[in-house]
Structures are given as structure tokens and as C-alpha cells.
**Student:** 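Before I ask anything, let me first share the structure, which is written out below as C-alpha cells.
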Amino acid sequence: MSQAPPPLGTPAARREGRDKVTGTARYAAEHTPPGCLYGWPVPATIARGRVSAVHTDEALALPGVHAVLSHDNAPRLKQPDDPILAVLQDDRVPHRGWYIALVVADTLDHARAGAEALRIAYETTEHDVVLSENHPGLYTPETVNGEYPAVRERGDADRAFAMAPVQVDATYAIGALHNHPMEPHASTAQWTQDGHLHVHDSNQGSTTVRESLAAAFGLRPQQVTVVSEHVGGGFGCKGTTRPQAVLAAMAARHTGRPVKIALPRRQLAAVVGHRPPTVQRLRLGAELDGTLTSVSHEVITQTSTVKEFVEQAAVPARIMYGSAHSRTTHRVTALDVPSPSWMRAPGEAPGMYALESAMDELAAALGIDPVELRLRNDPADEPDSGRPFSSRGLAACLEEGAARFGWYDRDPRPAVREEGPLLVGTGVASATYPVYIAGSSASAHAATDGSYRIQVNATDIGTGARTVLAQIAASVLNTPVENIRIDIGSSELPDAPLAGGSSGTASWGWSVHKASTALLRQLRECTGPLPAEGLTIFADTEQETSEKSPYARHAFGAQFAEVAVDSRTGEVRVRRMLGVFAAGHILNPRTARSQFIGGMTMGIGMALTEGSTMDPVFGDFTESDLASYHVPVCADVPEIEVHWIDEDDPHLNPMGSKGIGEIGIVGAAAAVGNAVRHATGVRLRSLPLTPDTLLPYLL
Amino acid sequence: MDPSRGRDDGAQQPGATGDRSTLTLHINGTEQTLTLDHRTTVLDALREDLGLTGAKKGCDHGQCGACTVIVDGRRANSCLLLAVAHDGARITTVEGLADGDRLHPVQEAFLDRDALQCGYCTPGQICSAVGMLGEAADGFPSHVTTRTAPVSAPAPLDAPEIRERMSGNLCRCGAYPRIVEAIEDVAP
């Protein structure tokens with residue numbers, strides 16, 4: 001497959017755009033079946049212990065309150081596939097915010113009032129919620145998120161580091177981060193008389209949620225329908241089934257009426273996952289010419305007592321730079337905290353902040369330009385596995401980015417560019433994200449009027465899935481995209497994996513490509529008119545996608561940032577950002593550009609504004625709403641320039657694409673942090689770079 | 001389960017009592033008389049009682065702007081407005097911006113610039129932009145307006161002005177640069 005055929009690669013407009021700008025696109029909480037009740041979940045207000053009593057009298061006496069569910073009376077679940085879904089099953093409180101009850105009423109106002117009237121008695125136990133580098137509970141897990149080994153070593157990293165003429169030994173810390181998609185998680189659930197469960201749910205994959213609800217309620221998957229037509233963002237926290245879906249289904253069964261639950265924003269931090277805090281020690285040893293001889297990346301992080309999730313922050317160091325000696329390790333401790341989970345580029349986002357900051361420190365120690373240092377250590381094969389790269393565009397991204405950004409105009413000395421009270425600087429960092437793919441199924445239908453219909457249970461969380469899948473089908477069927485109808489967002493459609501790991505387009509697209517290809521072949525063989533019902537072909541890619549590639553497959557990128565730091569206030573403003581990415585063929589430049597910009601924007605938040613702290617006394621995330629957890633606003637985001645290098649990589653999938661949803665955040669925070677160091681001479685090793693942390697060094 | 005346009009089971013319909021009042025809202029040019037719980041916000045009345053789900057609930061606390069609508073000509077976070085306190089108000093939601101099939105210029109610009117991804121903040125962004133353009137035309141200054149700008153004359157809208165004035169509307173997908181471009185397209 002050399003050149004992707006048109007209309008792939010063309011900037012087709014978002015198919016659901018008109019519905020979204022006119023307000024007619026409906027999200028999960030916007031389905032109100034007749035007789036619908038409202039659920040209001042009640043979070044635990046202790047950090048650890050048990051619920052000793054749920055006093056429901058006052059709540060049930062309020063107008064409109066239909067039921068209070070708690071572990072005393074909630075339907076028993078069979079086998080939830082994720083322990084975070086085992087809500088209202090026992091009296092245990094594993095962390096603050098864990099759901100312990102649900103009030104169901106005829107209106108939102110009545111449900112909320114009922115929740116406030118509920119009296120809960122607890123037995124509290126001492127809690128342990130603060131991660132530290134010497135926490136006694138730290139252990140080395142078998143694997144980390146993504147099923148990578150927790151530990152990888154080659155050579156003798158300690159010895160090589162000790163012998164290296166130039167060394168960097170630095171520890172970086174990032175606090176918890178929250179996904180906070182604009183649409184809070186929501187579900188509207190209804191049971192029909194035949195025992196079928198219908199759910200409108202906000203998630204990143206309704207095949208996954210269907211399987212999960214079926215397991216929880218002891219149903220066959222065919223007895224569950226999950227619809228996710230429009231989803232208001234996810235960024236990982238809707239990649240797995242979340243408690244609101246289970247609670248809504250429980251309450252609907254208990255009351256015999258449809259029940260809608262939209263989670264209040266302030267409850268999200270405790271129940272929908274978050275990026276866990278990491279403490280990352282980097283040790284880089286190099287020769288005087290910049291050649292890396294030793295790379296150590298040692299990560300400490302936390303999980304909950306409910307489940308083990310280990311942020312794989314040291315994994316990108318296994319593929320980024322060549323070095324004869326390396327050690328990458330993860331240790332984790334289970335605390336009485338909410339369960340962490342996926343947040344945009346788990347592993348890569350925090351890990352590349354640390355690695356790319358350390359590379360900047362090494363460049364300064366060596367007196368070598370940071371772009372040049374990265375180019376000198378660009379390996380021919382994947383350092384950890386020795387496998388050849390299917391394509392590796394890092395050097396090209398760095399070189400093109402440096403030229404476009406005007407990188408080489410910079411004076412490398414720190415803290416020498418003053419504009420009145422402002423200190424100005426520039427920074428660079430590399431980006432990478434792995435190529436993931438999963439088996440998917442799809443159907444392609446040719447109608448007698450010459451139009452086509454593609455069905456696949458893809459989910460559009462804002463990526464433009466409908467649009468790009470129609471382009472893929474149109475390119476195979478050699479027809480205008482307008483001639484393709486596409487159905488996604490329901491578990492009644494052919495099964496498909498979730499929108500996660502930047503794998504959606506590749507996974508769904510391959511099955512659409514395969515079904516369309518088979519349909520085209522059949523159409524060509526078909527002599528005479530089509531049967532009245534048309535022709536339908538079903539395809540799945542389980543076999544193709546389960547074959548392990550002999551190649552190391554990753555997307556790469558380079559991030560450049562210019563910042564101005566106010567020496568009077570410590571405020572950092574990003575003036576401009578520029579990213580260049582190498583991610584295979586870009587299938588839709590219009591929607592792809594939006595995703596890259598979006599990732600880089602979230603990276604600005606990670607660098608400058610987003611931070612969440614664990615209150616040691618209450619065991620609670622202090623910044624649990626959007627007034628205290630500062631996602632970037634319009635005024636924080638300057639012009640962001642995005643370019644890409646179109647790669648012709650034959651080892652990916654029939655479209656030749658790599659995922660693009662996550663790489664935009666990777667390296668962005670490091671580029672900003674490195675620019676702040678260049679501007680001020682101050683190297684802070686924890687995020688976010690808020691004025692209060694920076695100002696003491698500027699006075 | 002088919003979506004229905006708002007409640008039809010009468011849960012909100014009993015007459016006015018000590019906790020409820022009957023009031024009239026003029027929504028997108030249509031008079032709507034409702035009897036509502038005094039705690040009901042304009043946002044919940046729109047979404048749950050009238051089936052107008054264009055205005056979104058992102059935080060319910062006035063922190064995100066997803067619920068922005070235009071009330072008596074000015075943009076407002078509808079989650080912070082109690083419906084009972086807005087008897088007689090004229091409210092325009094995102095559903096009321098287009099003229100039949102012809103989109104409002106701001107809606108058209110958002111499509112042209114791909115100024116949206118998940119779409120959940122989009123109705124609020126669009127209503128906010130429409131309101132903001134009105135404020136600027138009426139000479140409202142912003143935090144970044146220069147002190148020497150003439151009072152009461154229309155405020156010129158360059159990118160920094162637009163960014164500042166649109167910073168009450170969060171977008172987690174990161175469509176801000178595209179949103180600014182879209183608004184620049186329609187700004188005078």
C-alpha cells in the first residue's frame with residue numbers, strides 16, 4: 001500500500017458538526033423516557049472504614065423521593081468485571097467519595113434534597129492517603145498499565161552512570177491530574193418487560209460497557225443495549241464502565257421505572273479515575289560528545305486498595321534514546337485513595353515530562369543544543385527490544401520543527417532575554433506514543449440506489465470518527481463520501497473496541513476497510529442488478545490484529561514552546577507553541593489538526609495550571625471542581641501551530657495510519673518547563689509551574 | 001428507548017404551592033408557562049421540563065460556561081439562574097439562533113473552522129460568542145482593553161480581546177485556537 005487513495009487525506013468536514021452547533025446532538029443525559037426518575041449518588045464522607053447505618057426515614061419522607069438504595073437493599077450484582085463497579089454491595093468504604101447510597105426521586109431537585117437528608121453513620125479506620133518516596137507499602141508490580149513489564153534492565157546502568165563524564169541525576173514530581181471532560185458521566189437506564197436492559201451512557205466504547213453491564217447483572221450480552229451516540233469528551237475516564245451506569249441500572253430495576261443519573265462535577269474526581277501522582281528519578285550518563293551511555297528511569301506511584309493500576313511512566317524511556325545501559329522500573333503502593341485510571345497518554349504524558357526535562361538538563365550540562373543532543377541519540381532500532389522501527393520520524397520532526405519555529409536563533413544562555421519585567425525563553429521536547437490496535441468488526445452494505453451504509457460500533461468522543469470512517473469506506477468503494485451513510489454509537493451495531501489508546505481509527509478503520517473491500521469484490525463479481533435488499537458484507541479483523549508485528553511501531557513528534565515569565569508575579573504565559581508529528585498517513589487533516597492542538601492545549605494545562613492535591617486529613621482531592629482545578633481557558637492558549645510529516649509506513653494497517661489522539665499532550669509540558677528554565681535560569685522539577693512556586697526564585 | 005422531548009408524565013405539573021410557582025418564560029420567541037419548584041434553575045427547566053437540551057450542564061456551578069444562554073439580550077450561565085426569579089424573561093438558547101435552515105453566522109463560522117470536537121461546550125461557546133459580540137458592540141471593555149480606548153464606542157475585537165472575553169467558557173478538547181478564528185471571522 002504505497003499511497004492512500006482519495007478521499008483519504010482530504011479535510012472532510014465533521015459529519016455531526018451541524019447537529020452540534022445547533023444543539024440537536026443528544027448526549028446520554030438528554031434522553032428522558034416517559035416516567036423517568038432521577039438518581040443522585042451519595043459519596044462517602046470518610047476516607048476509610050465502614051458504613052454502620054443508613055438512616056433513610058427523613059429522605060423517604062420528602063416529596064417525590066421514591067427510593068434510597070444502599071448496601072442494605074440494593075440489587076446484588078453477579079460478577080462486575082471491574083471492582084470499582086461493585087457499588088452498594090457491602091459496607092466497606094475504601095476511599096472518600098466511594099458511593100454508598102443512591103437517592104431516586106421524580107425530579108432532580110427532589111433527588112438532591114433527598115441525598116442531603118440522608119443520614120449515614122460510619123465506623124472510621126485510620127487512613128493512609130499520601131504518597132512518599134519511602135512509603136513502606138511500595139512494591140514492584142508484575143506489570144504496569146498496557147501490560148508492560150514493570151522492570152527492564154540491560155547492561156549495568158549503575159556502573160555506566162558512575163563512569164559517565166557527564167551526569168544528570170534529577171527527581172521530578174507530578175501531582176494527580178483529572179480528565180474532566182466537559183460532559184460529566186451520565187446514564188439513563190431502562191429495563192423492558194422481556195428483561196432487556198437499555199442504557200444511554202456516556203462512554204468511549206459501548207461494546208465494552210455492554211459486556212461489563214452484562215457481567216454485573218448476570219445477563220447475556222444480547223440482553224443489554226448500550227447507546228453512546230454523542231459523547232462529550234472522555235480522555236480516558238470514559239474508557240471503562242463507570243459506576244453511574246451500574247447505579248442507574250440498579251435503580252431502574254429496583255423502581256421499575258427508567259432512571260437517569262448525571263454525575264455532579266464535584267463527585268467526578270473520586271469515581272471516574274485520574275492520572276495518579278508520580279515521583280520519577282532520572283539518571284542520565286553521557287560522554288562529552290553527548291552520547292548517552294546510561295539511562296535510568298525509576299517511577300514511584302500510587303494505586304487504590306480497590307484495584308491495581310500502575311501508570312507506566314518509565315516505558316517511553318525504553319524506546320526513546322539509544323544507550324548501552326538502561327534500567328526502567330516502577331514501584332507502587334496501594335493507598336486509601338480513589339482508583340487511578342487512564343488519562344490522555346497514560347505513561348507517556350508524565351514519563352516524557354521527566355525524561356525530556358532531564359534531556360534538557362543534560363544538554364545544558366554538556367553545552368550542546370537540546371535539539372542536537374536528541375539527534376545524536378536517535379537510535380536505529382528500538383533500544384529495549386532490538387526490533388527495527390516500522391518508521392521513526394523523530395529526527396525529521398525535530399529538524400522541521402526547529403526550522404519552522406526559528407529555534408536556532410536562540411541564545412542558549414538562560415535568563416538573558418528581558419522585555420521590561422518579562423523574561424523570555426524557548427524550549428523543546430520530543431514526543432512519542434505507541435501504535436495500538438485491536439480487533440473490530442464492521443458491516444458494509446450496498447443499496448440498489450448506489451449508496452452505501454457502513455455499520456460499526458465506533459464511538460465519537462470528539463475525534464470525528466464518523467467522518468474518517470466514511471472517508472475510509474469511500475476510498476475503498478471509490479465513491480464520494482456523501483454516498484456513504486455511517487452508523488456508530490450503539491452496541492446493536494457490529495462489535496468494536498473502545499476509543500482509547502489512540503487506536504480507534506486504526507482498529508475500526510481496518511474492519512471498515514476490510515468489509516468495504518470484500519463488498520467491492522462481490523459487487524464486481526455480481527452480474528446483473530443487485531437484489532432488492534442490496535448486498536451486505538460483514539468482516540472482522542481479530543486475526544489480522546492479533547498477529548504480533550516484528551516491528552517496533554510508534555508515532556513521534558517534537559514540541560517547541562516560547563514563554564514569557566513575569567519576574568514580578570511569577571506568572572508564566574505561553575506565547576506560542578509549535579508541534580511537528582510523524583504519525584503515518586494523516587487521514588483527515590482538518591480533524592487531525594484539531595486533535596493535535598487539543599492535546600497540546602492539555603499539555604499547557606499540565607505544565608502551568610492543572611494540579612490536584614490530596615488532603616492528608618480528609619483523604620480528599622482538594623481541587624475537585626472546575627473553579628479549583630484549573631483546566632486551561634481561552635486566554636491561556638496562544639496560537640498553536642501544528643505540522644506533520646506524512647509517513648509511508650507499510651507495517652501498520654491498510655490506511656497506513658498511526659493514532660493521533662494522545663501524542664499531542666506528550667512532551668508539551670516538558671517543552672514549556674524547558675522554556676521556563678531558559679527564560680529564568682530556574683529549573684523547577686514539579687508541576688504545575690504556578691506563580692507561587694516560581695516567584696521565590698525570581699526575587 | 002426513544003428520546004422524548006422533555007417530561008410527559010406530569011411530574012412537574014401540579015399547580016403552584018408554597019414550594020412551586022407558575023411563571024412564564026419567552027424562549028426562542030415562544031411563550032412557555034410552567035409551574036416549577038423554586039429550586040429549579042433556568043438550565044434544568046430548559047433541559048428537563050422543556051426538552052431543550054442544547055444548553056449543557058457541565059458543572060452546575062457557573063464554572064464552565066457550557067450552559068450559557070442569552071437572557072434579555074445578555075449572555076448568562078443558566079445554571080446560576082433560578083427560574084422563579086426570571087418570570088417574563090426573554091431567553092435565547094442555541095436552538096433559537098438559526099433562522100430556519102439558515103445558521104447564525106457564528107454557528108456557520110464554528111463549522112467552517114472546525115471549532116469543536118466533542119461538541120459539549122459548543123452551544124455555550126456559540127451563545128457566549130453571540131452575547132460577547134453584542135457586549136463589544138455596546139462598548140463594554142474587557143481586562144485587556146487599553147485604558148485609552150474610547151468609552152462607549154464599539155470595542156475592536158482582536159485575538160487577545162476574543163480570548164479574554166471568551167475565557168468563561170471552558171473547552172477540554174482544546175478547540176480554543178479554532179474558536180478564536182471562528183469569532184474573528186464574524187467580528188466586525
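Each chain gets a letter, A, B and so on, in the order the sequences are listed, and its residues count up from 1. Basis for what follows: all heavy atoms, side chains included, without hydrogens, waters or symmetry-related copies.
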**Student:** Main chain of G96(B), side chain of T92(B): is a donor-acceptor contact present, judged purely on distance under 3.5 Å?
**Tutor:** no

**Student:** So, H196(A) side chain and Q193(A) main chain: donor-acceptor pair closer than 3.5 Å or not?
**Tutor:**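 Side chain of H196(A) to backbone of Q193(A): no pair is present.
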
**Student:** With a 4.0 Å cut-off on N to O distance, would you call R265(A) and D625(A) a salt bridge?
**Tutor:** no

**Student:** Give, as side chain, backbone, both or neither, the part of R178(B) having an atom under 4.5 angstrom from any heavy atom of chain A.
**Tutor:** side chain

**Student:** Using a cut-off of under 4.5 Å for heavy-atom pairs, which of E639(A), R18(A), H230(A), H180(A) has the most such pairs with chain B?
**Tutor:** R18(A)

**Student:** Give a yes or no answer on whether the side chain of R466(A) reaches the backbone of D460(A) with a donor-acceptor pair at less than 3.5 Å.
**Tutor:**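 Checked: no pair found.
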
**Student:** We want to know whether T22(B) and T35(B) form a side-chain donor-acceptor pair, criterion being a heavy-atom distance below 3.5 angstrom.
**Tutor:** yes

**Student:** Identify which part of N179(A) has an atom lying under 4.5 Å from any heavy atom of chain B, answering side chain, backbone, both or neither.
**Tutor:**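 For N179(A), the backbone is the part near chain B, not the side chain.
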
**Student:** If you take all heavy atoms of V231(A) and K238(A), which pair is closest and at what distance?
**Tutor:**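 For V231(A) versus K238(A), the nearest heavy atoms are CG1-CD, 3.9 Å.
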
**Student:** What are the residues of residues 113-123 of chain B, in order of number, with any heavy atom under 4.5 angstrom from a heavy atom of chain A?
**Tutor:** R113(B), D114(B), L116(B), Q117(B), C118(B), G119(B), Y120(B), C121(B), T122(B), P123(B)

**Student:** Any donor and acceptor pair, going by atom type alone, linking the side chain of T188(A) with main-chain N or O of A28(A) inside 3.5 Å?
**Tutor:** yes

**Student:** Which residue out of A25(A), G232(A), G234(A), A262(A) racks up the most heavy-atom pairs below 4.5 Å with chain B?
**Tutor:**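 It is G232(A).
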
**Student:** Closest heavy-atom contact between C634(A) and M166(B)?
**Tutor:** CB-O, 4.1 Å

**Student:** Salt bridge or not between K56(B) and E30(A)? Use side-chain N to carboxylate O under 4.0 Å.
**Tutor:** yes

**Student:** Is the backbone N or O of V106(B) less than 3.5 Å from a side-chain atom of H104(B), with the two atoms forming a donor-acceptor pair by type?
**Tutor:**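 Present.
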
**Student:** Top residue by heavy-atom pair count (under 4.5 Å) with chain B, among G664(A), P184(A), G464(A)?
**Tutor:** P184(A)

**Student:** Minimum heavy-atom separation for C67(B) to C79(B), with atom names?
**Tutor:**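 In this case the closest contact between C67(B) and C79(B) is SG-N, 3.4 Å.
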
**Student:** Based on non-hydrogen pairs under 4.5 Å, which of G23(A), P638(A), A635(A) is most in contact with chain B?
**Tutor:** A635(A)

**Student:** Taking atom CZ of R90(B) as the centre, does the number of heavy atoms from other residues, nucleotides or ligands within less than 6.0 Å exceed 12?
**Tutor:** no

**Student:** Scan side-chain atoms only and decide if T24(B) and E31(B) contain a donor-acceptor pair under the 3.5 Å cut-off.
**Tutor:**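 Note: T24(B) and E31(B) side chains miss the donor-acceptor criterion.
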
**Student:** Between I461(A) and chain B, with a heavy-atom cut-off of 4.5 Å, which part of the residue counts as in contact: side chain, backbone, both or neither?
**Tutor:**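 Backbone only.
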
**Student:** Would you say the side chains of E95(B) and T93(B) form a donor-acceptor pair under 3.5 Å?
**Tutor:**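 A donor-acceptor contact under 3.5 Å links the two side chains.
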
**Student:** Identify the two heavy atoms, one from R344(A) and one from A349(A), that lie closest to each other, and give their separation to 0.1 Å.
**Tutor:** O-CB, 3.8 Å

**Student:** Counting a contact as any heavy-atom pair under 4.5 Å apart, which residues of residues 139-150 of chain B contact chain A?
**Tutor:** none

**Student:** Keeping Q204(A) on the side-chain end and A499(A) on the backbone end, is there a donor-acceptor pair under 3.5 Å?
**Tutor:**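 Confirmed, Q204(A) side chain pairs with A499(A) backbone.
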
**Student:** Under 4.5 Å, heavy atom to heavy atom: which of residues 68-78 of chain B reach chain A? Give them by number, or say none.
**Tutor:** none

**Student:** Are there residues of residues 181-188 of chain B whose heavy atoms fall under 4.5 Å of chain A's heavy atoms? If so, which?
**Tutor:**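 Counting heavy atoms that sit under 4.5 Å from chain A, no residue of residues 181-188 of chain B is involved.
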
**Student:** Whether R275(A) and E610(A) form a salt bridge (side-chain N of Lys/Arg under 4.0 Å from carboxylate O of Asp/Glu) is what I want to check.
**Tutor:**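 R275(A) and E610(A): not salt-bridged.
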
**Student:** Using heavy-atom distances under 4.5 Å, tell me whether F596(A) contacts chain B through its side chain, its backbone, both, or neither.
**Tutor:**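 Neither part.
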
**Student:** Consider only side-chain N and O atoms of D109(A) and T107(A), and report whether a donor and an acceptor are under 3.5 Å apart.
**Tutor:** no

**Student:** Quick one: closest heavy-atom pair of P632(A) and T609(A), and the distance?
**Tutor:**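 The answer is N-OG1, 4.1 Å.
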
**Student:** At what distance, to the nearest 0.5 angstrom, does CZ of F235(A) lie from CE of M602(A)?
**Tutor:**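 So the gap between those two atoms works out to 4.0 Å.
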
**Student:** Please look at R112(A) and chain B and tell me whether the side chain, the backbone, both or neither of the residue comes under 4.5 angstrom of a heavy atom of that chain.
**Tutor:**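 Just the side chain, heavy atoms under 4.5 Å.
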
**Student:** With distance as the sole criterion, is a donor-acceptor pair present between the side chains of S228(A) and D201(A) under 3.5 Å?
**Tutor:**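 There is no such pair (donor and acceptor under 3.5 Å, judged by atom type) between the side chains of S228(A) and D201(A).
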
**Student:** Tell me, side chain or backbone of V631(A) under 4.5 Å from chain B's heavy atoms, or both, or neither?
**Tutor:** both

**Student:** Would you call D44(B) and K57(B) a salt bridge, taking side-chain N to carboxylate O under 4.0 Å as the test?
**Tutor:**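 Salt bridge flag = yes for K57(B) with D44(B).
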
**Student:** Specify the closest pair of heavy atoms between H26(B) and G88(B), including all atoms of both residues, with the distance to one decimal.
**Tutor:** CD2-O, 3.4 Å

**Student:** Of the backbone (N, CA, C, O) and the side chain (C-beta and beyond), which part of N169(B) lies under 4.5 Å from a heavy atom of chain A, both, or neither?
**Tutor:**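 Contact with chain A involves no heavy atom of N169(B) at all.
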
**Student:** Which answer fits T463(A), side chain, backbone, both or neither, if we ask what part of it has an atom under 4.5 Å from a heavy atom of chain B?
**Tutor:**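 Neither part, no heavy atoms under 4.5 Å.
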
**Student:** Go through the atoms of A13(A) and report whether side chain, backbone, both or neither lie under 4.5 Å from a heavy atom of chain B.
**Tutor:**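 Neither the backbone nor the side chain of A13(A) comes within 4.5 Å of chain B.
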
